[in-house]
Amino acid sequence: MDYFEYKNGVLYCEDLRVSSIAEKVGTPFYLYSHNTLRRHYRVLDEAFSEVPHIICFSVKANSNVAILKALANEGAGADVVSGGEIFRALRAGIEPSKIVFAGLGKTVSEIEYALREKILMINVESSDELMLINELAQKMGVVAPIALRVNPDIDPQTHPRIATGLKESKFGIPLAQAMAEYEVASKLPGVNPIGVHQHIGSQILQPGPFEESLKKITNLFNSLRVLNVDIRYINIGGGFGIQYTEEEPLGPDRFAEAIIPIVRESGCTIILEIGRMICGNSGILVTRVLYNKSSGSKRFVVVDAGMNDLLRPSLYGAEHRIEPVVIRQGAPVVEVDVVGPICESGDFLAKNRKLPKVEQGDLLAVFTAGAYGFTMASNYNSRPKPAEVFVSGDKAFLIRKRETYEDLVRGEAVPRDLEPA
Ligand code: LLP
C-alpha cells in the first residue's frame, strides 16, 4: 500500500497534487512519500517484533539524508557499503551502534573510519580483509566487532544481475571455509567475531531461498557454539521483493513467518538489511513529455528523464509502471517506447508499453522508483541530476536541489598550459 493515489484522474502524493509540485520544481524530479516510507518500515518492524531485531536500512537503495533521517526517527539503523554511506548515515543521525558495514572492497581509510566511529560491526568478505581489519584495529588500539559474510550457495530465483549468494558470485566466504575462518578470527587479537552475515540477492519474491540458506547457516552457527565463538547476531541480509508491475511478492509478515522459526532458537539478535521493500514504492520519478514521434510502425514518447536519471530499465530490463500524472479522459491507448534524451539506443524507461495517448507537455509518473533510482543516477551526457522532493501530509520539502551547469564542472580544473599565452 502506498500514498500515491488518483483522485478524479489526478495523481496525488499524500495530500498534494503531483502536477502542482512539478510546476514549482520543474522536471524531472524524484518524489517521495513520508507516510509510505514510514508505513513500510513499521510493517517490517512489526513482522519481526517476536524476536530481538535491528532493521539496518540499506543506504544504497536511497541515500538522501532526509530519507535516512526519517528512518532514523523510526529507530532504523543502516547497512552501508562505503565510507560515503557511513558519512551519510551519521549525518542523518543514525546511531553508530546500529550501523553494519558490508562490501567486498573496503579500503584502509574506510575500515579506519568505521572503527573510529565505533559502528556495530564490519561484515568481512575475505580472509585478506580479515587480516587487514585485525592489523588496523590493533594499530588503533581497538578490537573490531565483525561478522563473516557467508556465501551459502543459494539460488535466490531473481534477476541474475542481483543474485549474490551463488558460489560463482564474488561475494562472501564459501560456507565450507567459514568454520576455518571463524577459528582464525577467534584467535586474532584485533577482531571479535560476534555475527554471521549473509545476503543472497535482491527482489526475492518468496521466502524459500531464505529458509534454505538460513538452515545452512544455523548448522554453522551450532558448530561455532562448540568452538566457543560467541555469536550474538545473525544478519539475514536484504532482498525482500516488491511489486513493480505484475509480480506478487509475499509481504514481510510471510517472510517473518518462515524465517523466525529457523533463527529464534539461536537467541541471537536478527539484523535485517532491507532497502527496496522499505523505500521502493515510497518514490516516483516525474518526467515531462517532450515529443511524440514515430518511425515506421514504432511510436516513441520522448521524455525529459533518461537512463542517467533511472538506470534500472536499461541495465536490467526492469519494468516500472508508467502513468500520466493527469489522466486525459477518453485518450486512446497506444503502444509506445518511452525513451529519454540520452544518446544511446539503450536509453529507455519502457518498451512496447500500452499507454493512453499523451501530448507534448504532459507529465508522466514512473512508479516504484524510490529504491535504486536516484542513487544510481549519473551525469552522463552532462545532464544535471534531478531534484528530490519529500512530501509529508500537505507539506512538500525540496530535499535535494536540481543540479546546475556549474555543479557539473565543480572540481574540474584546466591546466595552465592549456590556457592561451
Ligand atoms: N545487503 C547487502 C549486502 C546488499 O548488497 C544489498 C543490495 C542489500 C542488503 C539490500 O537489498 P534490498 O533489500 O534492497 O533488496 N541496483 C539493483 C539492486 C542491487 C542490490 C545490491 N545489494 C536494482 O536496481 O534492482
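Please read these numbers as outputs of a predicted model, since none were measured by experiment. Indexing begins at 1, ligand by ligand and atom by atom, following the structure's order.
- Close approach to Arg276 involves these atoms of ligand 1, each under 4.0 Å from a residue heavy atom: 12 (P), 13 (O), 14 (O), 18 (C), 23 (C), 25 (O).
- Neither the backbone nor the side chain of Leu315 has a heavy atom within less than 4.0 Å of ligand 1.
- Each of the following atoms of ligand 1 lies closer than 4.0 Å to a heavy atom of Gly275: 12 (P), 13 (O), 14 (O).
- When atom types are taken as modelled, the side chain of His197 and the backbone of Asn123 share no donor-acceptor pair closer than 3.5 angstrom.
- Polar contact check, Glu273 against ligand 1: a nitrogen or oxygen pair lies under 3.5 Å apart.
- When only interatomic distances are considered, the shortest N/O to N/O separation between Ser202 and ligand 1 falls below 3.5 Å.
- Here's the thing with Ser58: none of its N/O atoms is less than 3.5 angstrom from an N/O atom of ligand 1.
- The Ile274 neighbourhood of ligand 1 comprises atoms 13 (O), with distances under 4.0 Å to a heavy atom of that residue.
- Using a cutoff of 4.0 Å between basic side-chain nitrogens and carboxylate oxygens, Lys106 and Glu129 are scored as salt-bridged.
- Between Gly239 and ligand 1, an N or O atom pair is found at a separation short of 3.5 Å.
- For Lys60, the closest heavy-atom approach to ligand 1 falls below 4.0 Å.
- Judged by the 6.0 Å and 45° rule, Lys351 forms a cation-pi pair with Phe348.
- Note that CG of Leu214 is 4.5 Å distant from CD of Gln198, once rounded to the nearest 0.5 Å.
- The shortest N/O to N/O separation between Met376 and ligand 1 does not fall below 3.5 Å.
- For the pair Lys216 and Glu212, the salt-bridge criterion is not met [side-chain N within less than 4.0 Å of a carboxylate O].
- Residue contact check for ligand 1: Phe171 places no non-hydrogen atom closer than 4.0 Å to it.
- Counting only distance, with no hydrogens or angles, the side chain of Glu5 and the backbone of Cys13 share no donor-acceptor pair below 3.5 Å.
- Using a 4.5 Å heavy-atom threshold, the side chains of Ser169 and Asn151 count as touching.
- For Arg288 and Glu23, the salt-bridge test passes: some basic side-chain N is under 4.0 Å from an acidic carboxylate O.
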